[in-house]
Amino acid sequence: MQTAYTKDELRSYLAPVRGNRIVLVPTMGALHEGHATLLRQARQLAGEEGVVVASVFLNPVQFDNAGDLATYPKTPEQDLEICESCGVDVVFMPTPDIMYCADRSITLEETHLSTVLCGASRPGHFAGVCLVVNKLFNLVQPTDAIFGKKDYQQLAILRRMVRDLDMPITLHGAEIVREADGLALSSRNVRLTPEHRAAAPIIRKSLLAAAEVYAAGAAVEAICAQVRAELESVPGVRCDYVELVDAVTLHALSTPDSLALLAVAAWFGDVRLIDNIELSRS
Ligand code: PAF
């Protein structure tokens, strides 16, 4: 496995392998089993002839909260070991000053899907994601890229970016990887207090309970209120949002039979966790 710290090192590595399938897994580091699953999927998709590229870059431009950026876990040595063990060919690990020019002045904003859910409470977040992913796509020129469905809205927005900007890249959504108790894996989980870590599986439990009442025909408002009440029954937990939306448009359900998404963001103390579940009535 090679590590590229600069754009030139990355381009030199990729020049001779152009023409093969190139599968990119963008990450912000602090890799865990969820990322490892994406990386193994990438290896499988690329096959023996293809190339797997992982990027490890804590993108400052997508953080709307300086404290969140400062406390985001950083484990570069372990990240490289995980990449190696998952069959990655090259890891791109730039610093912010390598990635961005100091006087950068181009922004890239999706204006429909990003106005709701996390976009409503994290101004600028998805513009930062689109910018960095666009840059990674330009640098790597992958044939395929894989993103986790825990960040469901991110995946929907990136699909829109690829579609609207005619990028010749196939995006793959990977299922959420969970702890045995149901908590979705996240780099932020290590920051939970022991009490909140013990309570956090309530997110998954409340989403599963909501899926049942949704299938039985319960009203959207009642379902969201129930999930919110369950989560906020835990001391120190405050919901940012609990919303049941159309899984494609991320706005209000157009027909009762559309595939729906129940998405949650909740503060466990000062740690913001997200999770979601796809729901259908048919
Ligand atoms: O999902 C993430 O880890 C980040 O938003 C991404 C896609 C790597 C862009 O920085």
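Numbering of ligands and ligand atoms starts at 1, following listing order. Just so you know, these numbers come straight off a predicted model, no measurement behind them.
- Proximity to Thr27 (heavy-atom distance under 4.0 Å) selects the following atoms of ligand 1: 8 (C).
- Proximity of Ile146 to Val23: side-chain heavy atoms (C-beta onward) are separated by under 4.5 Å at one or more points.
- A single hydrophobic cluster is not seen to contain both Met28 and Leu31; linkage of ILVMFWY side chains at heavy-atom distances under 4.5 Å, directly or through other members, places them apart.
- Near Pro26, meaning under 4.0 Å from any of its heavy atoms, are these atoms of ligand 1: 8 (C).
- Heavy-atom proximity to Val132, at under 4.0 Å, picks out these atoms of ligand 1: 9 (C), 10 (O).
- For the 3.5 Å distance criterion, the side chains of Asp144 and His172 qualify, holding a donor opposite an acceptor.
- Taking every non-hydrogen atom of Gln62 and a distance limit under 4.0 Å, the qualifying atoms of ligand 1 come out as 4 (C), 5 (O), 9 (C), 10 (O).
- Looking from atom 3 (O) of ligand 1 to the surrounding protein, the closest heavy atom is Met28 CG, 3.6 Å.
- The protein heavy atom nearest to atom 7 (C) of ligand 1 is Gln154 NE2, 3.5 Å.
- Stacking of Arg281 on the aromatic ring of Tyr214 is recorded, both the 6.0 Å distance cut-off and the 45° axial limit being met.
- At least one side-chain heavy atom of Cys239 sits less than 4.5 Å from a side-chain heavy atom of Val242.
- The closest side-chain donor-acceptor pair between Asp8 and Tyr13, if any, does not fall under 3.5 angstrom.
- Distances between N or O atoms of Asn59 and those of ligand 1 include no value under 3.5 Å.
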